[in-house]
*Asks:* 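Input: one structure, supplied below.
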Amino acid sequence: MDITFENVSYTYQRNTPFEHKALEDLSFHIKSGSFVAIVGHTGSGKSTLISHLNGLSIPTDGKVKVGKYLLTHDEKPGDLKELRSKVGVVFQYPEHQLFEETIEKDIGFGPENFGVSESEIKERTHEALSAVGLSETLLDRSPFDLSGGQMRRVAIAGVLAIKPDILVLDEPTAGLDPRGQKEIMDMFYRLHQEQSLTTVLVTHSMEDALKYADHVIILNKGKKYLEGTPEDVFVQKDALKQVQLDVPEIVQFIASFNHKFNTSIPFSNQSTEQLAKQIKQALIGDELE
Amino acid sequence: MAGNLIEFKDVSFRYSEQDPWVLKNVTFTIKEDEWVAIIGHNGSGKSTIAKLINGLLFPQEGEILIGGKKVTEDSIWDIRKDVGMVFQNPDNQFVGATVQDDVAFGMENRGITREVMVERIQSTLEAVGMSDYQFTEPHRLSGGQKQRVAIAGVLAISPRVLILDEATAMLDPNGRKEIMQTVSQLQSKQGLALITITHDLQEVVQANRVIVMNKGEVWKESVPREIFTEKEELRKIGLDVPFVTTLADALKDIGVSISKEPLNHEELLEELWTLHLRT
Ligand SMILES: Nc1ncnc2c1ncn2[C@@H]1O[C@H](COP(=O)(O)OP(=O)(O)OP(=O)(O)O)[C@@H](O)[C@H]1O
Ligand SMILES: Nc1ncnc2c1ncn2[C@@H]1O[C@H](COP(=O)(O)OP(=O)(O)OP(=O)(O)O)[C@@H](O)[C@H]1O
Ligand SMILES: [Mg+2]
Ligand SMILES: [Mg+2]
């Protein structure tokens, strides 16, 4: 499903002394099947932006189009439930998503709500648990009697069980251990490709944005600041610094190396191994190969 | 010589008798001016350790001493005055109606004067970049703003023990760096014991010492440089090493000799520079 924002603004607590404009005149287009990363400093509007994708927020001004659904100030889609069965959102804090007595009920809640049969729910729960690396023995436990990273995994499993067309992920790897971060991002990427999903990832990891996204949108104070391929956006050190963001670590290292050794190794989204070879080349030339 | 501020002696813990042990014979000490990072896979017992330190939980076996005092039902009220903690999810600890009330709350319990309070609310909110939000209700903050405010709250009480349980997980790398700079300045200035529980390898590198947890047991305890030499072992237990370590290893693999395990960009560049001079 395509996603389009047309001049979208969103104001919290409108018409009160606390009025706060979180999004301002935001326009962009996300093609069906693409993997988009949304990046920005604390409070730049990322979570507010994605809350429009399943109709949790309705724009104060402007239009949001998600597939055939249109969201504007005066026109909510008649069937928000149908939209929500297609757009699965993993919230920034898993506690905001979990509420059932047991993990099993929590994962089954979405599909049940959308009319999936009991046997199918069982199957999906089983699949989702294994996708997030949790053991079946936990199913009867309360989702709150878990470690932070385990809660995160349950929250993700609940969204996978809906089998959405659009996967919206708000910092999905925060709280996961390093192996979990990699496994879960790889899992999302696999689903994205196998099921031709449209994926929207809010992340602070420039590394993940580089590795998985084909398009990046940078927000600053509720406005779109930069947009493009990760390779183009993430080398703009000064522009990113302006909005308090850093370039990915590998880009930083290459820049420092080039500066110190007066070389010009380019950044091409290369692997660490490839970079090692380029460094060796630069240091000792060909004669010692 | 700095003394031991926190002592875990053979501590075992489980959440209930039906549940398996989540900490098994855990023993370690932390000195009063030390920064210790605790790392480990999800569910390895890190947050449980934090909750045992300030008496939210009590061990079934072994004992825990804070400043020589055993943590018991009777001593926790005194002990909590010395311990500042930021939880994994800040929503669990907001009590004030506004950001400012929330930062004030911890100080009220510690008998800090009104004047000092006002000054510290300003200075700590400033330090975490949240001055503009003094009158905002905490639940109306963004994910990262909540974490910043929670950190301001513990900085304000300047505790003897500061525990940050993934307290910067929702910040971008740059924001994380800034906040940790503020925290570590306070740590070295006031000589407090800082315990950071984190999956962020950059942060681990800055600690004086690292405790690695695996399945409820202390797997290893050492300085960061030493810990990160065990690349394969760490990966086996769900962890990883920082980018520079990976790059240094990739260089070694293709025959570039790196003698010292680098911990940051500067150290690796320095190594390469010496090499460069020799060729
Ligand atoms: N309230 C609870 N009741 C029962 N078991 C619990 C409870 N809280 C945590 N556990 C279990 O105790 C173990 C240790 O949890 P803990 O929260 O200490 O892990 P952690 O190392 O902090 O993990 P993470 O990196 O995911 O935050 C886990 O297996 C978890 O499932
Ligand atoms: N419920 C709310 N009421 C009023 N203001 C809000 C509310 N939620 C968020 N805001 C404000 O709107 C702005 C954008 O918040 P948002 O949560 O979208 O940021 P974010 O980019 O997701 O930040 P983070 O990286 O910290 O999660 C912030 O300044 C925040 O204080
Ligand atoms: Mg957010
Ligand atoms: Mg934890």
Side-chain angles (χ1 to χ4, degrees), chain A residues 12-13 18 20 22 39-48 92-96 133 145-153 170-171 173-182 204-207 241 244-246 249-250 252-253 256-257 260-261 271-273 275-277 279-280 283-285 288, chain B residues 15 19 39-48 88-89 91-92 129 135-137 140-148 165-166 169-177 199 201-202 234-235 237-240 242-244 246-247 249-251 253-256 265-266 268-269 272-273 275-276 279:
Chain A
Y12 284 104
Q13 295 174 283
F18 301 103
H20 184 95
V39 176
H41 187 65
T42 304
S44 56
K46 306 179 294 297
S47 298
T48 307
Q92 191 164 6
Y93 286 104
E95 287 91 338
H96 295 170
D145 291 347
L146 290 177
S147 80
Q150 292 166 337
M151 264 187 230
R152 165 77 66 196
R153 289 168 199 251
D170 198 347
E171 298 281 353
T173 59
L176 294 180
D177 55 45
R179 184 198 290 157
Q181 291 177 18
K182 179 164 187 309
H204 286 310
S205 164
M206 310 295 168
E207 281 69 29
K241 213 183 177 100
Q244 294 158 286
L245 294 173
D246 270 341
E249 202 178 349
I250 187 165
Q252 282 175 42
F253 186 84
S256 314
F257 183 89
K260 188 163 181 122
F261 293 85
S271 68
T272 319
E273 288 75 22
L275 176 61
K277 283 194 193 127
I279 289 176
K280 183 180 178 187
L283 278 181
I284 56 182
L288 297 178
Chain B
Y15 280 88
D19 283 322
I39 63 175
H41 63 82
N42 290 139
S44 59
K46 305 178 300 292
S47 298
T48 305
Q88 219 162 340
N89 180 348
D91 284 331
N92 299 337
F135 304 108
T136 303
E137 298 167 69
R140 295 192 176 276
L141 298 171
S142 78
Q145 289 169 340
K146 285 179 181 170
Q147 291 200 316
R148 288 168 186 266
D165 191 353
E166 291 182 47
M170 295 298 172
L171 304 186
D172 53 275
N174 195 26
R176 212 174 275 170
K177 216 167 22 191
H199 295 297
L201 302 165
Q202 292 287 346
L234 284 171
R235 291 203 175 125
I237 60 169
L239 304 177
D240 209 342
F243 166 76
V244 265
T246 312
L247 180 56
D249 282 340
L251 285 161
D253 285 347
I254 54 170
V256 179
H265 292 192
E266 292 69 37
L268 180 54
L269 287 168
L272 293 172
W273 187 251
L275 211 61
H276 167 70
T279 55

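Here is how names work: the chains are called A, B, and so on, in the same order as the sequence lines, proteins then strands, and each is numbered from 1. These values consider heavy atoms only, across backbone and side chains, with no hydrogens, waters or symmetry-generated copies.
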*Asks:* Heavy-atom distance under 4.5 Å to chain B: side chain of A/Glu171, backbone, both or neither?
*Replies:*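 For A/Glu171, the side chain is the part near chain B, not the backbone.
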*Asks:* Which answer fits A/Leu176, side chain, backbone, both or neither, if we ask what part of it has an atom under 4.5 Å from a heavy atom of chain B?
*Replies:*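 Both the backbone and the side chain of A/Leu176 come within 4.5 Å of chain B.
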*Asks:* Run the side chain to side chain contact (heavy atoms under 4.5 Å, CB included) check on B/Leu272 and A/Leu283 step by step: do they pass?
*Replies:* CA-CA 8 Å; B/Leu272 293 172; A/Leu283 278 181; 3.7 Å; yes
*Asks:* With a 4.5 angstrom heavy-atom cut-off, which part of B/Glu166 approaches chain A: side chain, backbone, both or neither?
*Replies:*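 It is the side chain, since no backbone atom gets that close.
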*Asks:* Test A/Phe257 against B/Leu269 for side chain to side chain contact (heavy atoms under 4.5 Å, CB included), laying out the working first.
*Replies:* CA-CA 7 Å; A/Phe257 183 89; B/Leu269 287 168; 3.9 Å; yes
*Asks:* Got a second to check how far A/Thr272's OG1 is from B/Asp253's CG, nearest 0.5 Å?
*Replies:*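 Reported to 0.5 Å precision, the distance equals 11.5 Å.
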*Asks:* Measuring from A/Arg179:CZ to B/His41:NE2, what's the distance to the nearest 0.5 Å?
*Replies:*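 Separation between the atoms: 9.0 Å.
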*Asks:* Given that the side chain runs from C-beta out, which part of B/Lys46 has a heavy atom under 4.5 Å from chain A: side chain, backbone, both or neither?
*Replies:*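 Looking at B/Lys46, nothing touches chain A.
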*Asks:* Is it the backbone or the side chain of B/Asp91 that comes under 4.5 Å from a heavy atom of chain A, or both, or neither?
*Replies:*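 Just its side chain gets close to chain A.
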*Asks:* Roughly how far, to the nearest 0.5 Å, is OH of A/Tyr12 from CZ of B/Arg140?
*Replies:*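 Taking CZ in B/Arg140 and OH in A/Tyr12, the distance rounds to 9.0 Å.
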*Asks:* For chain B, which candidate among A/Glu273, A/Met206, A/His96, A/Lys46 shows the most heavy-atom pairs at distances under 4.5 Å?
*Replies:*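 Among A/Glu273, A/Met206, A/His96, A/Lys46, the one with the most close pairs to chain B is A/His96.
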*Asks:* Highest number of heavy-atom pairs under 4.5 Å with chain A: which of B/Leu171, B/Asn92, B/Asp249, B/Leu234?
*Replies:*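 Of the options given, most contacts go to B/Leu171.
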*Asks:* Please look at A/Ser147 and chain B and tell me whether the side chain, the backbone, both or neither of the residue comes under 4.5 angstrom of a heavy atom of that chain.
*Replies:*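 For A/Ser147, side-chain heavy atoms alone lie under 4.5 Å from chain B.
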*Asks:* Say whether, by atom type as modelled, one donor and one acceptor occur between the side chain of A/His204 and the main chain of B/Pro173 under 3.5 angstrom.
*Replies:*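 No: the side chain of A/His204 does not pair with the backbone of B/Pro173.
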*Asks:* Between A/Arg153 and B/Asn42, is any side-chain donor less than 3.5 angstrom from a side-chain acceptor?
*Replies:*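 There is such a pair (donor and acceptor under 3.5 Å, judged by atom type) between the side chains of A/Arg153 and B/Asn42.
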*Asks:* Please examine the side chains of B/Arg148 and A/Thr42, heavy atoms only from C-beta on, and report whether any two atoms are closer than 4.5 Å.
*Replies:*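 They are in side-chain contact.
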*Asks:* Just by distance, no angles: are the side chains of A/His41 and B/Asn174 close enough, under 3.5 Å, to form a donor-acceptor pair?
*Replies:*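 Note: A/His41 and B/Asn174 side chains miss the donor-acceptor criterion.
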*Asks:* Need one label for A/Lys241: side chain, backbone, both or neither, based on atoms under 4.5 Å from any heavy atom in chain B.
*Replies:*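 No part of A/Lys241 comes within 4.5 Å of chain B.
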*Asks:* Donor-acceptor pair, distance only, cut-off 3.5 Å: does the side chain of A/Tyr93 make one with the backbone of B/Asn89?
*Replies:*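 No, A/Tyr93 side chain to B/Asn89 backbone: no donor-acceptor pair under 3.5 Å.
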*Asks:* Has A/Lys260 got a side-chain atom pairing as donor or acceptor with B/Trp273's backbone, closer than 3.5 angstrom?
*Replies:*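 Flag not set: sc A/Lys260 to bb B/Trp273 has no pair under 3.5 Å.
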*Asks:* Looking at CD of B/Gln202 and CD of A/Glu249, how far apart are the two atoms once the value is rounded to the nearest 0.5 Å?
*Replies:*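 With rounding to 0.5 Å, CD (B/Gln202) is 4.5 Å from CD (A/Glu249).
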*Asks:* What's the shortest heavy-atom distance between B/Phe135 and A/Phe18, and which atoms?
*Replies:*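 It is O-CE2, 4.5 Å.
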*Asks:* Can you tell me how far CG of B/Asp19 sits from CG of A/Asp145, rounded to the nearest 0.5 angstrom?
*Replies:*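 One gets 7.5 Å once the value is rounded to the nearest 0.5 Å.
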*Asks:* Is B/Glu137 close to chain A through its backbone or its side chain, or both, or neither, when contacts mean heavy atoms under 4.5 Å?
*Replies:*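 Just its side chain gets close to chain A.
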*Asks:* I'd like to verify something: which residue of B/Ala169, B/Gly238, B/Ala250 has the highest number of heavy-atom pairs under 4.5 Å with chain A?
*Replies:*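 The answer is B/Gly238.
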*Asks:* With a 4.5 angstrom heavy-atom cut-off, which part of B/Thr246 approaches chain A: side chain, backbone, both or neither?
*Replies:*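 Both parts, heavy atoms under 4.5 Å.
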*Asks:* Is chain B contacted by the side chain of A/Gln13, its backbone, both, or neither, given a heavy-atom distance below 4.5 Å?
*Replies:*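 Only the side chain of A/Gln13 comes within 4.5 Å of chain B.
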*Asks:* For the pair B/Lys177 and A/Asp246, find out whether any cationic side-chain nitrogen is under 4.0 Å from an anionic carboxylate oxygen.
*Replies:*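 A salt bridge links B/Lys177 with A/Asp246.
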*Asks:* Got a second to check how far A/Ile279's CD1 is from B/Ile254's CD1, nearest 0.5 Å?
*Replies:*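 These two atoms lie 8.5 Å from each other.
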